[in-house]
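Because the structure is a prediction, the values reported are computed rather than measured. Throughout, a chain's letter reflects where its sequence line sits, starting with A, and its residues are numbered from 1.
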Amino acid sequence: MQTRLIDKQWTAKYPDVGHGPVSTEPCISPAFFERERDQIFRRHWINMGRVDEIPAAGDYFVRDFAVCRTSVLVVRGRDGVVRAFHNVCPHRGNILVWEERGRCPGRFGCNFHSWAFTPEGELAAVPDETNFHDLDKSERGLTPIHCDIWEGFIFINLSDEPQESLREFLGGVATQLDGAPFDRMRLLRTYKVEEAANWKTAIDAQNELYHLPFQHRYTIGDAFLLKDGKFCRFSDVNLYNYHSVWSCEWNPAHVELPTEALINKLDRAVNSVRVTQRISDFDWYLIFPNMALLLFAGVSGDFFLTYNFWPLAVDRCIWEMRYYFPPAENAGQRLAQEWSIGRLRDTLMEDAYAHESIQKGLTARARPDMVMQDEEITIRYFHETIEREMART
Amino acid sequence: MSRGALPKGFGELEPYVAWALPTERERIAMRETSQMQDIIAFHDAMHARLEAIVEYLGRGPYPDMPDDARRLHDMALSLVEVSGLVEMYKDPAVLNMVGPDRFVSFE
């Protein structure tokens, strides 16, 4: 067992983070939210999806990146390169692609006047072209957005010039997870919930395990190691320049439910995927600003989840959850995967309910601050990083 | 669904073939619209045969399989769907949850 069942160990590891009250204002102020659009979401690398969503030439998906009032088209060119563009026709501004995903049938065509674009973003054809004045088609292609990929995760950056490369931005997260076998897994399930909560209220609620034995007492309350059989303790916390990760161990005293025990016994993964880059049994990364990456040591093989929190308004966001597993080779493995999905799903449905009630409570301004214990240190660090980035010129 | 919907040897599960649902949304809807006593009966019948089901499906091709095997497979997924309710929550009202109408599943 790597976990030390003691108090206040993370503040001891990171004394500069502090332990005083934290302002609630960033979660409830409309003015703060308006400033976040540019200060947080326009100047940093934001995850849009994964390369396995667009495996073939011409494959694309569209993201409504509402907080920046931008529709993003991500498309794999015929040269195999993944690019991102504003999903806007450069003629007179119409939205170009109206489907959420698909394969470009040779050309993207605008509904308005049928201007046609290649999967590489070039303007290929303009109807009635001779009736234009000095139209230079090479300067009227789709407007590119900075796009880069790390271990199959596609990120964009809406800055004119990103202040750092994707790799510099990821920093210690990349160092820790380089080479992890994400590419051996496939998206098996997605959930989306639109919530009456600030995107940071939702993240904060997921960014700790203190609540587990209480809020989730009917679902997964005893899944992870407990001090005195009562309170969760991480086995490690690591803070990076923007991001953070906490890690914890499965609870050996966890009581398996009858079907759970049977399914674990019947799970027969033939070619297991193990993520040797895991720090512990369960690692929860916050990839600033709005993504979480969850790595799990499953019974017969590992799997991962991503959360993306899409801000819509100061008190509204969409929480998107994606579950990735290696393709199941037999029914036993498939059932074990479905068990993991369902067990977590019910827990997250409880969490989503809580996000909305928390937002109500914060909005009432009953107190101007929140107080956090040692196991909530990554929430505090997230708020400090937000404040630091909001103050940047 | 008529007799003979499931592979030979699993005849006692025929009354529960309505649970052979290929998507999570359908399985959740079935759980939400069923009486607790029917859910428990389905759960108990399936739990008793799950090992045999997995062993039977393991002898055939995967993931493509004949329709009767597919029904058995999807009924097993339905067992997973109801197991938390039957074995742990016991009463859906104890969970303060955002429901599946808002927490939407995509496959």
Open item on the list: What part of A:Leu262 gets within 4.5 angstrom of chain B, counting heavy atoms only: side chain, backbone, both, or neither?
Closed with: side chain
- [ ] Indicate yes or no: at least one non-hydrogen side-chain atom of B:Tyr62 is less than 4.5 angstrom from one of A:Arg334.
- [x] yes
- [ ] Considering only heavy atoms and a distance below 4.5 Å, find which of B:Met65, B:Lys90, B:Arg27 pairs most often with chain A.
- [x] B:Arg27
- [ ] Answer whether the closest heavy-atom distance between the side chains of B:Phe106 and A:Arg322 falls below 4.5 Å.
- [x] no
- [ ] For the pair A:Glu194 and B:Arg102, find out whether any cationic side-chain nitrogen is under 4.0 Å from an anionic carboxylate oxygen.
- [x] no
Task: CZ-CE distance between B:Phe103 and A:Met321, expressed to the nearest 0.5 angstrom - done: 3.5 Å
Task: Toward chain B, the part of A:Thr219 with a non-hydrogen atom under 4.5 Å - done: both
Task: Side chain / backbone / both / neither for A:Glu356 at chain B, heavy atoms under 4.5 Å - done: side chain
- [ ] Under 4.5 Å heavy-atom distance to chain B, tell me which part of A:Ala354 shows up: side chain, backbone, both or neither.
- [x] neither
Open item on the list: Go through it in stages, so that I can follow the logic: the residues are B:Leu57 and A:Asn330, the test is side-chain contact (heavy atoms from CB on, under 4.5 Å), and I'd like the CA-CA distance, side-chain angles, deciding distance and then a yes or no.
Closed with: CA-CA 8 Å; B:Leu57 294 174; A:Asn330 53 60; over 6 Å; no
Task: Heavy-atom pairs under 4.5 Å with chain A, option from B:Glu107, B:Met97, B:Met88 with the top count - done: B:Met97
- [ ] Output the distance between atom CH2 (A:Trp339) and atom CG (B:Leu79), rounded to the nearest 0.5 Å.
- [x] 9.0 Å
Task: Closest contact, heavy atoms only, A:Ala331 versus B:His73 - done: CB-CD2, 4.0 Å
Open item on the list: Are B:Val80 and A:Ile263 packed together at the side-chain level, in the sense that at least one heavy-atom pair is separated by less than 4.5 angstrom?
Closed with: yes
Task: Engaged part of B:Pro100 at the chain A interface, taking heavy atoms whose separation is under 4.5 Å - done: both
Task: Region of A:Arg345 that comes under 4.5 Å of a non-hydrogen atom in chain B - done: both
- [ ] Give the minimum heavy-atom separation between A:Arg189 and B:Ser105, together with the two atoms involved.
- [x] CD-OG, 3.5 Å
Open item on the list: Take a 6.0 Å sphere around NZ of A:Lys192 and say whether it holds more than 12 heavy atoms from other residues, nucleotides or ligands.
Closed with: yes
Task: Most chain B-contacting option - heavy-atom pairs closer than 4.5 Å, from A:Val193, A:Thr259, A:Leu257 - done: A:Thr259
- [ ] Among the options A:Pro327, A:Ala328, A:Ser357, pick out the one with the most heavy-atom pairs lying under 4.5 Å from chain B.
- [x] A:Ala328
TODO: Check whether A:Leu187 gets within reach of chain B through its side chain, its backbone, both or neither, counting any heavy atom under 4.5 Å.
DONE: neither
Task: Neighbour count above 12 (heavy atom, 6.0 Å) for A:Tyr353 OH - done: no
- [ ] Working to the nearest 0.5 Å, report the span between CG of B:Asn96 and CD of A:Gln215.
- [x] 8.5 Å
Task: Closest approach of B:Leu95 to A:Tyr218 (non-hydrogen atoms, all atoms of both residues) - done: CD2-CB, 3.8 Å
Open item on the list: Suppose a student defines contact as a heavy atom less than 4.5 Å from any heavy atom of chain A. Which residues in residues 37-56 of chain B would they list?
Closed with: B:His43, B:His47, B:Leu50, B:Glu51, B:Val54
Task: Residue B:Arg59 versus chain A: region with a heavy atom under 4.5 Å - done: neither
Open item on the list: Using a 6.0 Å cut-off, check whether atom OH of A:Tyr210 has over 12 heavy atoms from anything other than its own residue.
Closed with: no
